[in-house]
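Notes to accompany the following structure.
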Amino acid sequence: MKRKHVLLTGFQPFGEPLPEVNPSWECIKALDEVVLEASNSTEAQLGICELPVEYGPVLDIIPTLHSPDKPYTYYIHIGQGRPGSIRVETLAHQTGYKRLDNAKCAPSEGKCPRYNHDALTTLVNVEKLVEELSSETGYEISSSNNAGRYLCEYTYYCSMAESIVSTESHEQPQKRVLFVHVPPIGSPYELSELTSVIKKIVIHVISND
């Protein structure tokens with residue numbers, strides 16, 4: 001059976017007052033080195049990484065996660081969204097990042113300084129993913145083209161840009177990058193349900209690539 005490596009990332013808590021947990025990390029932190037079986041004689045081995053809610057460190061960390069010595073070819077980033085639904089993001093922009101991070105900083109002119117793409121769109125077929133997962137789980141899952149112009153979208157943009165850099169610099173196949181917003185725990189889904197959905201997303205992405 002062919003094995004593919006998938007990196008899941010979540011975020012540290014953010015906001016004022018600072019909450020104790022961030023559901024994006026809580027729902028994946030037990031998945032390190034878990035192996036999931038996909039439907040095409042392929043299995044996915046998971047890795048995890050907790051990201052800070054700070055623009056500067058994220059800009060430094062994301063390239064290291066895409067470096068040639070890392071085994072990952074799939075990157076699924078998870079962030080905390082609004083109560084009520086799970087949103088799968090399709091798009092990320094270079095500009096518009098004016099909201100201050102946990103260190104009370106924002107990029108100069110609200111712009112990611114390292115890449116020159118105005119906007120990037122995921123290579124994952126989000127509409128198909130949403131349709132199939134909604135039918136399978138009965139959960140409220142939707143696609144979105146507005147990832148929030150904060151650390152979630154900034155991370156998504158940097159990661160998709162780095163997948164292009166890897167292709168151009170290291171002659172690697174372009175990696176698949178996706179961003180998923182999960183609601184706060186209990187609004188309405190419990191932690192175990194959020195974890196289950198993330199695992200199903202991994203299986204779908206691997207099975208349909």
For residues [X] and [Y], report the shortest heavy-atom separation together with the two atoms involved.
| X | Y | result |
| --- | --- | --- |
| Ile185 | Pro23 | CG1-CB, 3.8 Å |
| Pro183 | Tyr189 | CG-CD1, 3.9 Å |
| Ser159 | Val177 | OG-CG1, 3.5 Å |
| Ser85 | Arg87 | OG-CG, 3.9 Å |
| Gly10 | Ile28 | N-CD1, 3.5 Å |
| Tyr72 | Gly47 | OH-CA, 3.9 Å |

Non-hydrogen side-chain atoms of [X] and [Y] separated by less than 4.5 Å:
| X | Y | answer |
| --- | --- | --- |
| Lys4 | Glu43 | no |
| Leu46 | Leu36 | yes |
| Leu91 | Thr122 | no |
| Ile201 | His204 | no |
| Lys199 | Leu31 | yes |
| Tyr97 | Tyr157 | yes |
| Leu178 | Val205 | yes |
| Cys152 | Ile78 | no |

I'd like to know if [Y] and [X] are part of one continuous hydrophobic network [Ile/Leu/Val/Met/Phe/Trp/Tyr, side-chain heavy atoms within less than 4.5 Å].
| X | Y | result |
| --- | --- | --- |
| Val21 | Phe11 | no |
| Ile62 | Ile48 | yes |
| Leu123 | Leu8 | no |
| Leu100 | Leu18 | no |

Do [X] and [Y] get their side chains close enough for a donor-acceptor pair, meaning under 3.5 Å?
| X | Y | value |
| --- | --- | --- |
| Asp69 | Ser67 | yes |
| Thr73 | His5 | no |
| His93 | Glu153 | yes |
| His77 | Thr155 | no |
| Ser143 | Glu127 | yes |
| Tyr74 | Asp209 | yes |

Quick check: does any side chain N or O of [X] sit under 3.5 Å from a backbone N or O of [Y], one acting as donor and the other as acceptor?
| X | Y | value |
| --- | --- | --- |
| Gln12 | Glu50 | no |
| Thr137 | Leu133 | yes |
| Arg149 | Thr95 | yes |

Mind checking the [atom1]-[atom2] spacing from [X] to [Y]? Nearest 0.5 Å is all I need.
| X | Y | atom1 | atom2 | answer |
| --- | --- | --- | --- | --- |
| Thr42 | Arg3 | OG1 | CZ | 11.5 Å |
| Glu162 | Leu59 | CD | CG | 8.5 Å |
| Ile198 | Glu193 | CD1 | CD | 12.5 Å |
| Ile86 | Ile141 | CD1 | CD1 | 5.0 Å |
| Asn22 | Leu51 | CG | CG | 10.5 Å |
| Asp32 | Cys49 | CG | SG | 10.0 Å |

Report task. Test Gln80 against His181 for side chain to side chain donor-acceptor pair (under 3.5 Å), laying out the working first. Result -> CA-CA 5 Å; Gln80 178 177 324; His181 271 117; over 6 Å; no
Requested in this report: In plain terms, say whether Glu136 and Lys200 are close enough for a salt bridge, that is, a side-chain N and a carboxylate O under 4.0 Å apart.
Outcome: yes
Query raised in the report: Is the shortest distance from a Lys or Arg side-chain nitrogen in Arg114 or Asp60 to a carboxylate oxygen in the other one below 4.0 Å?
Result: yes
Requested in this report: Decide side-chain contact (heavy atoms from CB on, under 4.5 Å) for Ser134 and Glu132; before the verdict, give the C-alpha distance in whole Å, the side-chain angles of both, and the deciding distance to 0.1 Å.
Outcome: CA-CA 6 Å; Ser134 297; Glu132 293 187 359; over 6 Å; no
Query raised in the report: Do Lys128 and Asn208 pass the side-chain contact (heavy atoms from CB on, under 4.5 Å) test, and can you show the C-alpha distance, the side-chain angles, and the key distance before you say yes or no?
Result: CA-CA 10 Å; Lys128 181 178 180 182; Asn208 288 275; 2.9 Å; yes
More than 12 heavy atoms from other groups under 6.0 Å of [atom1] on [X]:
| X | atom1 | value |
| --- | --- | --- |
| Lys98 | NZ | no |
| Gln174 | CD | yes |
| Glu37 | CD | no |

Report task. Verify the ring-centre separation between Tyr154 and Tyr55: is it less than 6.0 angstrom? Result -> yes
Query raised in the report: Between Tyr150 and Asp101, does a side-chain contact (heavy atoms from CB on, under 4.5 Å) hold up when you go through it step by step?
Result: CA-CA 8 Å; Tyr150 192 44; Asp101 62 17; 4.3 Å; yes
**Report entry** Residue pair Tyr75, His66: steps toward the ring pair (Phe, Tyr, Trp, His ring centres under 6.0 Å) verdict
**Finding:** CA-CA 9 Å; Tyr75 295 77; His66 281 265; 3.8 Å; yes
Requested in this report: Could you walk me through whether Asn146 and Ser144 pass the side chain to side chain donor-acceptor pair (under 3.5 Å) test, one step at a time?
Outcome: CA-CA 6 Å; Asn146 181 4; Ser144 165; over 6 Å; no
Report task. Any chance you could lay out the side-chain contact (heavy atoms from CB on, under 4.5 Å) test for Val88 and Thr90, step after step, and finish with the verdict? Result -> CA-CA 7 Å; Val88 186; Thr90 61; over 6 Å; no
